[in-house]
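Taking it in order: structure first as structure tokens, then the write-up.
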Amino acid sequence: MAPRSRRRRHRKPPSSVAPIIMTPTTIVTPMPLTPSKLGPSIDTLGFFSLDDNVPGLSQLILQKLNMKSYEEYKLVVDGGTPVSGFGFRCPQEMFQRMEDTFRFCAHCRVLPSGLSDSKVLRHCKRCRNVYYCGPECQRSDWPAHRRVCQELRLVAVDRLMEWLLVTGDFVLPSGPWPWPPEAVQDWDSWFSMKGLHLDATLDAVLVSHAVTTLWASVGRPRPDPDVLQGSLKRLLTDVLSRPLTLGLGLRALEIDVRRIGGSTVHVVGASHVETFLTRPGDYDELGHMFPGHLGLRVVMVGVDVANGFSQSTSTSPLEPGTIQLSAHKGLYHDFWEEQVETGQTDHPDLVAAFHPGFHSSPDLMEAWLPTLLLLRDYKIPTLITVYSHQELVSSLQILVELDTHITAYGANPFMSLKPEQVYSNPNKQPVYCSAYYIMFLGSSCQLDNSQLEEKVDGGI
């Protein structure tokens, strides 16, 4: 490895790079998190960017969730405060308050506090998701809303059914794959493989007391069983998309998962999305994708990882067939220097970043640049996912300008099938998590070690 002082000589790229605006056993290692030098939080930037499109929306959210500040909100999403600590008197009040955070006119962007006495916000009767302050705004907005109304109806159902994941009443079904792994190439083949057993599992959830209580508490009619089963399937793909996308990367980049001592995957830029509700069994499917693997270590690294996740710097060999999940709070290039270069944790066989967002913000690009250059110069197999084709194009342009050797990119066969509504712009086309992927390995200008050292010492 190049000395630490050399790697720090990487310069920012030229202005042309500016963003274009498991197996039977899974172990969670019980060790405390150690804060590192933190950088820009994509969660924080995202929360306050809500006000750019709907002024005052961030404060409305905090008010409806009985919170005095963003720090209090962040403590909850990071896992530092239980959801039960919101102070709601009953489930009905909780669901009503959560729904109130979506109440603003989709056309004129007025909040409830800005309405005249003669107006009231009412939702679209088709999707039950988007609100308007009156018939005039709804008519004016219909050309935009009609394109997304049906998808937003799914979003409204999923938003409620997702509560079953929070409470643990919907546990993801898992088990050894009855098909050869190479036969499972996408969600269609995965669902075909699971077959009637999965349908029976989902049906059992739908007749459970938890679902009955949920729909008795939300103040709206309960949808038909086929609608609710479709929602459970979308939620299932949303959770399993991450481990199966990691499997896609391990396959495509030909990582040997039968290496003695186990293989290591680093998930960089991880946030509460990857860690807050993640349970040990959620990554079992990654293990089933590689029967006979000798252990898979998945380390989440990011400034927004949930506090409930543990940090492990162990380099002890894993037991065959086990998956170990752990986390480190901080920036990846700092983690590399403090943990990887010192031998306290294993060198990664694969690095993955789910929705890094470096294309969208100069602050995020600046924070990501040392990590991207590190991954390039150390020739670490890397997988990145993005939400949309537009993000794919923007991210590819940046990576090309950074001289990364892109080995593959395209639509992800294991993308989440759960549509994601743009909170402050509800009539914008919904996106899907990990819809596209990019893989790269090393530099497009391949240098031998002496040339690399000369280039690093002289600046880039």
Side-chain angles (χ1 to χ4, degrees), residues 40-124 127-134 137-138 141 145 152 155-167 213-220 271-273 276-277 303-304 306-308 361 420-428 430:
S41 161
I42 194 169
D43 290 346
T44 303
L45 292 173
F47 184 82
F48 287 108
S49 71
L50 297 174
D51 294 338
D52 295 342
N53 204 44
V54 184
L57 181 56
S58 65
Q59 289 305 308
L60 173 70
I61 294 171
L62 295 176
Q63 174 195 346
K64 294 300 181 180
L65 296 182
N66 291 336
M67 296 177 182
K68 296 186 176 73
S69 66
Y70 173 76
E71 288 71 25
E72 190 176 348
Y73 171 87
K74 189 71 166 62
L75 196 61
V76 172
V77 299
D78 281 349
T81 299
V83 177
S84 59
F86 282 3
F88 299 124
R89 292 168 295 182
C90 61
Q92 289 86 346
E93 181 188 6
M94 178 189 70
F95 285 113
Q96 182 60 61
R97 288 295 195 98
M98 293 173 69
E99 183 62 27
D100 285 347
T101 65
F102 292 88
R103 288 181 183 270
F104 60 88
C105 181
H107 184 67
C108 71
R109 305 296 195 253
V110 66
L111 296 172
S113 59
L115 292 173
S116 64
D117 293 339
S118 61
K119 289 189 174 183
V120 63
L121 289 165
R122 301 185 188 278
H123 58 62
C124 168
C127 67
R128 306 182 71 93
N129 193 332
V130 172
Y131 288 83
Y132 294 101
C133 64
C137 273
Q138 186 167 10
D141 208 47
H145 182 62
L152 293 183
V155 172
V157 176
D158 293 349
R159 190 158 66 224
L160 296 171
M161 293 293 283
E162 198 166 18
W163 183 246
L164 300 174
L165 290 172
V166 176
T167 60
T213 302
L214 170 67
W215 286 98
S217 304
V218 299
R220 62 175 60 183
S271 71
H272 76 278
V273 174
F276 180 31
L277 294 177
V303 300
D304 291 314
N307 293 329
S361 160
E420 300 288 342
Q421 179 178 349
V422 180
Y423 210 125
S424 62
N425 191 3
N427 284 325
K428 189 173 181 178

*Tell me, do Gln138 and Asp141 make a side-chain contact under 4.5 Å, heavy atoms counted?*
no

*Which pair of heavy atoms, one from Glu72 and one from Asn66, lies closest together, and at what distance?*
OE2-O, 3.9 Å

*Is there side-chain contact between Leu152 and Asn427, with at least one heavy-atom pair below 4.5 Å?*
yes

*For the residue pair Tyr70 and Phe48, does the interplanar ring angle fall in the parallel (under 30°), tilted (30 to 60°) or perpendicular (over 60°) class?*
tilted

*Can you check whether Gln421 reaches Asn129 side chain to side chain, under 4.5 Å on heavy atoms?*
yes

_Nearest-0.5 Å distance that lies between atom CZ in Arg103 and atom CG in Leu111_ = 12.5 Å

*Do Glu420 and Pro430 touch side chain to side chain, with heavy atoms closer than 4.5 Å?*
no

*asked:* Return the CD to OG distance between Gln63 and Ser113, rounded to the nearest 0.5 Å.
replied: 8.0 Å

*Give the minimum heavy-atom separation between Val130 and Pro426, together with the two atoms involved.*
CG2-CB, 3.8 Å

_Student check: side-chain heavy atoms of Trp215 and Arg220 closer than 4.5 Å_ = yes

*Given salt bridge (charged side-chain N to carboxylate O under 4.0 Å, His left out), test Arg159 with Glu99 step by step and report yes or no.*
CA-CA 10 Å; Arg159 190 158 66 224; Glu99 183 62 27; 3.6 Å; yes

*Separation of Thr167 OG1 from Leu214 CG (nearest 0.5 Å)*: 8.5 Å

*Side-chain contact test, heavy atoms from C-beta onward, threshold under 4.5 Å: evaluate it for Asp52 versus Ser424 and give yes or no.*
no

*Are Phe104 and Tyr131 near enough that their ring centres are under 6.0 Å apart?*
no

*salt bridge (charged side-chain N to carboxylate O under 4.0 Å, His left out) between Asp100 and Arg97, intermediate numbers included*: CA-CA 5 Å; Asp100 285 347; Arg97 288 295 195 98; 5.1 Å; no

*Specify the closest pair of heavy atoms between Gly56 and Asp51, including all atoms of both residues, with the distance to one decimal.*
N-OD1, 3.5 Å

*How about Arg122: does its CZ atom have over 12 heavy atoms from other parts shown lying under 6.0 Å from it?*
no

*Looking at Leu60 and Pro112, what are the two nearest heavy atoms and their distance?*
CD2-CD, 4.5 Å

*Would you please test Ile61 and Tyr423 for side chain to side chain contact (heavy atoms under 4.5 Å, CB included) and show each step?*
CA-CA 11 Å; Ile61 294 171; Tyr423 210 125; 3.9 Å; yes

*Can you tell me how far the NZ atom of Lys428 sits from the CG atom of Asn53, to the nearest 0.5 Å?*
9.0 Å

*Kindly compute the distance separating CE (Met98) from CH2 (Trp163), expressed to the nearest 0.5 Å.*
6.0 Å

*Of all heavy-atom pairs between Cys105 and Leu121, which one has the smallest distance, and what is that distance?*
N-CD2, 3.7 Å

*asked:* For a quick test of reading the model, state the closest non-hydrogen atom pair linking His145 to Cys124 and the distance between them.
replied: NE2-SG, 3.5 Å

